[in-house]
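Working notes, beginning with the structure itself.
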Amino acid sequence: MNNFIIKEIINDINKGLPIDKLKFRFAPEPNGVLHLGHVKAIYINFYLAKYFNSKIYLRLDDTNPNSENIYFVKNIIKNIKWLGYEYSRITYTSDYFGILYNMAKNMIKNGKAFIETKYGKKIDDIDKNLFYFKYMKLGHYKDNDFVLRAYTDKSLPNYHIKNPVMYRIRHKKHYRTANKWYIYPTYDWAHGQSDYIEKISHSLCSIEFQNHRPLYNWFINNIYNKEYNFYKPKQIEFSRLNINNIITSKRYFNLLLRKKIIKSFNDPRLITLDSFKMKNYNPEYIIDFIKINGFTKRNTNIELEKFESYIKNRIIKITKIIMAIKNPIKVILKNFSKTKNNTINIDNKYKISISKVIYIDKEDFKIKHNNNFFRLSFKNYVRLKYYYAIKAYKIKKYKNKITKIYCKIYKNINKNRIRSTIQWVSFKNKKSTYIYDYKYLYIKNNKIYNNKDIKIKKFYIDKNIYYNLKLKKNYQFLRIGFFNYFKKNSFLKLFNMKKKY
RNA sequence: AGACUCGUGGUGUAAUGGUUAGCACCUCAGAUUUUGAUUCUGAUAGUUAAGGUUCGAACCCUUACGAGUCUACCA
């Protein structure tokens, strides 16, 4: 892998940053569950740590008690583990509340920060500022009564980050510090300083923080103490992973849950890691997918199909194939002769039944058709998978619908004359099973699509196959797609087979 | 509207001023195939535009155009 981030770090090393001072961090806010987009940030940080043989921290960036909770912390820890990554330490921004408070006090003393009232009035006197700040902390004022702002200067190019808020009052229980604090630091104040405290060398984040970088550096310069940490952390931004219209926002996931469109975060219509785990995706495939897409600064839109086909092409090589029928229609095999036990051995591993009457899929038969139709008809010879070729010679209709297809078996037909192979299930030995079908939730013009319930569809498979199914295992339904056997008698669709007709 | 950032085939990336702009996916052909899948071979297709610097520019400079982010007491 080669990208601008590695180049920039190597450049820093060449300029004198000792390689043993390199340290990275993945710093999510525990206000939602991890999804495919996060894997990008996780991957690059852990990759760099491995590449440079340096430390990496998992830091829970928990500065906002309104939206964070322990459930999300656990979800993040669990999913990073599932991806197979190990960090050197787990840290919490909330552990630094005390240090950050003292740093802020120093900022006030140095005339670099001030209290502002809710009416926009600025407190000038340093002692008064310290007084208010202290009593803000002790909970003497209501939310929004005062804020602490940094007193930035003209060196910052963007006017909007001038005098940014460092602390706001929140009478809200924090999931870790409980009611110890009544003021909470903002991202801009807490993040860079936490990097500095932890001696992170390169702080990677997504592109929307570009505008904040001057402020990031300004804060660091103000608290800089070369005896504690000689090297200032550096923020590097890269663009996030966007998948077409697919929802890639933690906040939206939470909204979907509140609106009861989803029942849990492992809903298959989401690209959360919980959902991928549910689908039994190998985390390696997900990481490889991130890897092939690379790291740049430009805004990108990746097609969901690209992700799906990437996973598909990997699992196709390892999943067991079973035959399943969705829309059954009876086929009578006229010259069927009984075999020993009427079973067929497949790869000497398992057996399926065969009988005079079988089910095939309605879609695999046509009375009239053109030359592009390869499947069963009065004209086409088709092979029943694992069995002989057949051809239709008669049909039975009831109320204008085909109910039965009569076929003859051709044991010695020339291979070249067989146009295709189709799946089937013995009528005698059929077993019904269910699949959960769905489409990914997506958003267009603020409207949520595919938010209807997941559909349950009935399929038929061979009884012998049914009794040997293993829970949580992925299967290929021949010519249909891929499914995960996620609970008794139920499959979860992963994706459809590519079809050219 | 301003500030910041980014523009390489349809999509995602590579090429750090030096061969004919490379790779992967998609698409389309052909081959293989007891899955119209997979696999294999091949084809189509690209430096946003106009200037400038240079022996030489995707790369450096200028301008235009286009896209994204931000202008929160979210991160």
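What you see below is based on every heavy atom in this structure, not just the backbone, and it leaves out hydrogens, waters and symmetry mates. So that the names make sense, note that chain A is the first sequence line, chain B the second, and so on, each numbered from 1.
- Closest to the side chain of A:Arg298, out of B:U8, B:G68, B:C74, is B:U8.
- Here the side chain of A:Arg149 is nearest to one of B:G36, B:C4, B:C73, namely B:C73.
- The base-pairing partner of B:A75, taking Watson-Crick or G-U wobble contacts with both distances under 3.5 Å, does not exist among the strands shown.
- Comparing the same atom, P, in B:A45 and in B:G10 gives a spacing of 11 Å after rounding to whole Å.
- Residue contacts shown for A:Arg170 include a base, since a base heavy atom lies under 4.0 Å away.
- In this structure, A:Lys122 forms a cation-pi arrangement with A:Phe114, its terminal cationic atom sitting closer than 6.0 Å to the ring centre and no more than 45° off the ring axis.
- Spacing of P atoms, B:A21 relative to B:A57, comes out at 13 Å, to the nearest Å.
- Base pairing analysis places B:A43 opposite B:U27; the two distances defining the Watson-Crick or G-U wobble pair are each below 3.5 Å.
- Atom CD in A:Gln210 sits about 14 Å away from atom P in B:U71, given to the nearest Å.
- Among the protein residues, A:Phe146 comes within range of no part of the nucleic acid, since none of its heavy atoms lies under 4.0 Å from any strand.
- A:Arg168 has a side-chain polar atom (N or O) that falls below the 4.0 Å cut-off from OP1 or OP2 of B:A75.
- Between A:Arg213 and B:C4 there is no side-chain polar atom (N or O) within less than 4.0 angstrom of OP1 or OP2.
- Under the 3.5 Å distance criterion, with hydrogens and angles disregarded, a donor-acceptor pair is assigned to the side chains of A:Tyr310 and A:Arg314.
- In a base pair of the Watson-Crick type (N1 to N3 plus N6-O4 or O6-N4) or a G-U wobble (N1-O2 and O6-N3), with each distance short of 3.5 Å, B:A49 is matched with B:U63.
- Nearest nucleotide to the A:Leu478 side chain, out of B:G36, B:U35, B:A75: B:U35.
- Following rounding to the nearest Å, A:Leu384 (CG) and B:U35 (C1') show an atom-to-atom distance of 13 Å.
- Annotation: B:C26 and B:A67 have their P atoms spaced 29 Å apart (nearest Å).
- To the nearest whole angstrom, the two C1' atoms, one in B:G66 and one in B:A15, are 24 Å apart.
- For A:Thr300, counting side-chain heavy atoms from C-beta on, the closest listed nucleotide (B:U13, B:C73, B:U34) is B:U13.
- With C1' as the reference atom, B:A24 and B:G9 are 13 Å apart, rounded to whole Å.
- For the pair A:Lys40 and A:Phe295, the cation-pi criterion (under 6.0 Å, within 45° of the ring axis) is fulfilled.
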What nitrogen or oxygen pairs link the protein and nucleotides 37-40 of chain B at under 3.5 Å?
{"unit_1": "B:A37", "atom_1": "OP1", "unit_2": "A:Lys500", "atom_2": "NZ", "d": "3.1"}
{"unit_1": "B:U38", "atom_1": "OP1", "unit_2": "A:Lys498", "atom_2": "NZ", "d": "3.0"}

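- The distance between atom CD of A:Glu68 and atom P of B:C74, rounded to the nearest whole Å, is 11 Å.
- Pair assignment for B:U32: none, as no Watson-Crick or G-U wobble contacts are both less than 3.5 Å.
- Residues A:Ser203 and A:Asp195 have side chains that bring a donor and an acceptor to within less than 3.5 angstrom of each other.
- Geometric assessment of A:Lys137 against the ring of A:Tyr132 yields a negative cation-pi assignment under the 6.0 Å and 45° thresholds.
- Residue contacts for A:Tyr167: at a heavy-atom cut-off of 4.0 Å it reaches no nucleic acid atom on any strand shown.
- Base pairing of B:G9 is not made with any nucleotide, judged by Watson-Crick or G-U wobble geometry with both donor-acceptor distances under 3.5 Å.
- When the C1' atom is compared between B:G7 and B:A50, the two are found 16 Å apart, to the nearest whole Å.
- Using a 4.0 Å heavy-atom cutoff across all strands shown, A:Asn144 reaches at least one base atom of the nucleic acid.
- Across all strands shown, B:U19 remains unpaired; no Watson-Crick or G-U wobble contact has both distances below 3.5 Å.
- Side-chain nitrogen and oxygen atoms of A:Thr63 include at least one within less than 4.0 Å of the OP1 or OP2 phosphate oxygen of B:A75.
- Nearest nucleotide to the A:Thr421 side chain, out of B:U35, B:C4, B:C74: B:U35.
- Side-chain atoms of A:Arg419 and base atoms of B:G36 include no donor and acceptor less than 3.5 Å apart.
- When rounded to the nearest whole Å, the span between CZ of A:Phe238 and P of B:U69 equals 16 Å.
- A distance of about 24 Å separates the C1' atoms of B:A37 and B:U44, rounded to the whole Å.
- Pair assignment for B:U54: none, as no Watson-Crick or G-U wobble contacts are both less than 3.5 Å.
- Residue A:Phe374 and nucleotide B:G36 are classified as a stacked aromatic pair, their ring centres being separated by less than 5.5 Å at an interplanar angle below 30°.
- When rounded to the nearest whole Å, the span between NZ of A:Lys366 and C1' of B:G36 equals 13 Å.
- In the set B:C74, B:C6, B:C73, the nucleotide with an atom closest to the side chain of A:Asn64 is B:C74.
- As a whole-Å value, the separation of A:Ile418 CD1 from B:U34 C1' is 8 Å.
- We find that CG of A:Asn299 is positioned 9 Å from C1' of B:G7, with the value rounded to whole Å.
- The base of B:U13 is not paired with the side chain of A:Asn293 by any donor and acceptor separated by under 3.5 Å.
- Within the nucleic acid shown, A:Thr296 comes within 4.0 Å of sugar-phosphate atoms alone, with no base atom in reach, counting heavy atoms only.
- Out of B:U11, B:C70, B:U16, the shortest distance to the side chain of A:Lys7 is found at B:U16.
- If you take atom C1' in B:C25 and the same atom in B:A43, they sit 16 Å apart, rounded to whole Å.
- No engagement by A:Ser67 is indicated, since no non-hydrogen atom pair under 4.0 Å with the nucleic acid exists.
- For the pair A:Asp364 CG and B:G36 P, the computed distance is 9 Å after rounding to whole Å.
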